[in-house]
Amino acid sequence: MTTTIHTINELQTQIKTWKNSGFVIGLVPTMGALHKGHASLIKKSAETCDKTVVSVFVNPTQFGANEDFSKYPRTLDKDIQLAEENNADIVFAPSSEEMYGKNYNKDFMTLVCPPYDLVNQLCGKTRIGHFDGVATVVTKLFNIAQPDYAFFGQKDAQQLYIIKKMVKDLNFPIKIIPCPIIRESNGLAISSRNQYLTQEEKQKALSISKALFTIQKYYEQGITDAQTLFDTAITVLDKDLELEYLNFIDYETFKKTDIIKQHTLVAICAKVGSTRLIDNIIT
């Protein structure tokens with residue numbers, strides 16, 4: 001049976017009991033609207049740990065002024081059901097007031113700010129302040145839940161890299177477990193934002209993963225020049241998509257690279273209609 005908790009104090013009380021019993025604790029941080037991708041994270045945590053906490057919190061500090069915070073899907077009842085089906089012990093679903101206080105103001109709160117070189121590219125280049133919000137809320141969740149393991153999806157590759165670095169730099173006693181992208185049978189990366197898409201837009205969105213798979217195919221055939229692979233991928237993308245970026249990143253340094261090799265992150269972001277989607281592969 002999954003228990004739903006809404007307050008920090010109640011969760012910390014339960015965590016203390018678990019810690020005193022020697023339980024290994026896993027945390028799956030989410031913004032809700034849970035889907036098969038989240039289910040895979042929860043399942044992995046339940047298999048790895050004695051106890052699993054799934055946080056469901058649409059975090060205001062990571063949304064910009066013109067982004068979809070108010071419209072972001074909120075489906076707590078369904079989220080609790082999915083968490084229970086995948087053996088979560090607790091769903092932690094706090095309010096913004098519970099997490100940030102009654103007089104929340106991002107300009108007057110302590111933020112955790114990742115290195116500029118890591119955030120000033122890919123999603124962070126256009127979503128100014130986004131990763132400050134991500135790092136801050138994840139830090140708060142780590143301090144509240146005190147997990148031994150935390151589980152994150154590879155689809156948000158920049159977020160995953162930043163969180164791993166934050167854990168190392170700030171000496172959190174937590175092991176970060178990356179989990180693979182979960183896709184529909186047609187290749188589309190599963191995302192909470194997919195529900196914004198019309199059927200026609202979903203067909204157009206398929207070209208995002210097709211572009212990545214094309215890059216993978218030609219890389220495996222021996223082509224390693226990033227510009228050549230970029231030019232080839234562009235021909236696959238639907239002409240109605242608005243490409244924000246298609247970048248080749250050395251996943252060891254998180255810097256752009258002109259030559260593709262093993263462990264290169266190929267990351268893409270495109271708007272399908274008004275919906276912003278991201279996807280990636282690692283060669």
More than 12 heavy atoms of other residues, nucleotides or ligands under 6.0 Å from [atom1] of [X]: is that the case?
{"X": "Lys204", "atom1": "NZ", "answer": "yes"}
{"X": "Phe230", "atom1": "CZ", "answer": "yes"}
{"X": "Asn20", "atom1": "CG", "answer": "yes"}
{"X": "Lys44", "atom1": "NZ", "answer": "no"}

Legend entry - Derivation and outcome, side chain to side chain contact (heavy atoms under 4.5 Å, CB included), residues Ile249 and Asn280: CA-CA 11 Å; Ile249 305 291; Asn280 69 79; over 6 Å; no

Short side-chain to backbone donor-acceptor contact, [X] and [Y], under 3.5 Å:
{"X": "Asp132", "Y": "Cys113", "answer": "no"}
{"X": "Asn186", "Y": "Gln203", "answer": "no"}
{"X": "His130", "Y": "Gln62", "answer": "yes"}
{"X": "Asp89", "Y": "Thr52", "answer": "yes"}
{"X": "Gln158", "Y": "Cys123", "answer": "yes"}
{"X": "Tyr251", "Y": "Gln262", "answer": "no"}

What's the shortest heavy-atom distance between [X] and [Y], and which atoms?
{"X": "Asp50", "Y": "Gly22", "result": "OD2-O, 4.2 Å"}
{"X": "Ala189", "Y": "Ile181", "result": "CB-CG2, 4.0 Å"}
{"X": "Phe142", "Y": "Ala150", "result": "CE2-CB, 3.7 Å"}
{"X": "Asp79", "Y": "Ala33", "result": "OD2-N, 3.1 Å"}
{"X": "Thr2", "Y": "Ala88", "result": "OG1-O, 2.7 Å"}
{"X": "Pro147", "Y": "Gly26", "result": "CB-C, 4.4 Å"}

Taking salt bridge (Lys or Arg N to Asp or Glu O under 4.0 Å) as the test, write out the residues that go with [X], two or more places apart.
{"X": "Lys164", "value": "none"}
{"X": "Asp148", "value": "Lys19"}
{"X": "Asp225", "value": "none"}

Taking side-chain contact (heavy atoms from CB on, under 4.5 Å) as the definition, give me every residue that meets it alongside [X], ordered by chain and number, with sequence neighbours left out.
{"X": "Leu41", "value": "Val28, Phe151, Cys179"}
{"X": "Lys165", "value": "Pro115, Leu118, Asp169"}
{"X": "Ile128", "value": "none"}

Inset, instruction - Run through the side-chain heavy atoms of Ile, Leu, Val, Met, Phe, Trp and Tyr, join any pair under 4.5 Å, and report what else lands in Val58's cluster. - result: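 Met31, Phe63, Phe69, Tyr72, Tyr196, listed by chain and number.
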
Determine all donor-acceptor pairs shorter than 3.5 Å in which one atom belongs to a side chain in residues 10-18; sequence neighbours excluded.
| residue | atom | partner | partner atom | Å |
| --- | --- | --- | --- | --- |
| Thr13 | OG1 | Asn9 | O | 2.9 |
| Thr17 | OG1 | Thr13 | O | 3.2 |

Inset, instruction - Name all residues meeting the ring-ring contact (aromatic ring centres under 6.0 Å, His included) criterion together with His35; count only those two or more places apart in sequence or in a different chain, and write none if there are none. - result: His38

Rounded to the nearest 0.5 Å, how far apart are [atom1] of [X] and [atom2] of [Y]?
{"X": "Gln159", "Y": "Gln154", "atom1": "CD", "atom2": "CD", "result": "11.0 Å"}
{"X": "Leu212", "Y": "Thr283", "atom1": "CG", "atom2": "OG1", "result": "11.5 Å"}
{"X": "Thr136", "Y": "Leu141", "atom1": "OG1", "atom2": "CG", "result": "11.0 Å"}
{"X": "Lys256", "Y": "Leu265", "atom1": "NZ", "atom2": "CG", "result": "12.5 Å"}
{"X": "Ile182", "Y": "Ser191", "atom1": "CD1", "atom2": "OG", "result": "13.0 Å"}
{"X": "Glu67", "Y": "Arg276", "atom1": "CD", "atom2": "CZ", "result": "7.0 Å"}

Cut-off 3.5 Å, no hydrogens considered: what does the side-chain donor-acceptor table look like for residues 97-104, sequence neighbours left out?
| residue | atom | partner | partner atom | Å |
| --- | --- | --- | --- | --- |
| Glu98 | OE2 | Ile8 | N | 2.8 |
| Tyr100 | OH | Asn59 | OD1 | 2.6 |
| Tyr100 | OH | Thr61 | OG1 | 3.3 |

Legend entry - With Asn87 via side-chain hydrogen bond (donor to acceptor under 3.5 Å, both in side chains) - residues at least two apart: none

Legend entry - Contacts of type side-chain hydrogen bond (donor to acceptor under 3.5 Å, both in side chains), residue Gln227, not counting sequence neighbours: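 Partners of Gln227 under the side-chain hydrogen bond (donor to acceptor under 3.5 Å, both in side chains) test: Asp231.
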
Connected via hydrophobic side-chain network under 4.5 Å: [X] and [Y]:
{"X": "Phe172", "Y": "Val137", "value": "yes"}
{"X": "Ile282", "Y": "Tyr161", "value": "yes"}
{"X": "Ile268", "Y": "Tyr219", "value": "yes"}
{"X": "Val167", "Y": "Ile162", "value": "yes"}
{"X": "Leu160", "Y": "Tyr245", "value": "yes"}

Legend entry - Side-chain donor-acceptor pair present, Glu85, Gln81, cut-off under 3.5 Å: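 Yes, Gln81 and Glu85 have a side-chain donor paired with an acceptor closer than 3.5 Å.
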
Legend entry - Polar side chain donor-acceptor pair, Glu201 to Thr275, under 3.5 angstrom: no

Inset, instruction - Using a strict cut-off of less than 4.0 Å between a Lys/Arg side-chain nitrogen and an Asp/Glu carboxylate oxygen, indicate whether Asp250 and Lys261 qualify as a salt bridge. - result: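 Salt bridge present between Asp250 and Lys261.
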
Inset, instruction - Assess whether side chain to side chain contact (heavy atoms under 4.5 Å, CB included) is satisfied between Ile281 and Thr264, documenting all intermediate values. - result: CA-CA 8 Å; Ile281 57 170; Thr264 297; over 6 Å; no

Legend entry - Steps toward side chain to side chain contact (heavy atoms under 4.5 Å, CB included) verdict (Leu246, Ile215): CA-CA 11 Å; Leu246 173 56; Ile215 288 171; 4.2 Å; yes

Legend entry - Pairwise side-chain contact, Asp156 with Ile278, heavy-atom cut-off 4.5 Å (strictly under):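 With C-beta onward as the side chain, the pair touches.
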
Legend entry - Test log, rule side chain to side chain contact (heavy atoms under 4.5 Å, CB included), inputs Phe254 and Asp117: CA-CA 9 Å; Phe254 221 81; Asp117 285 350; over 6 Å; no

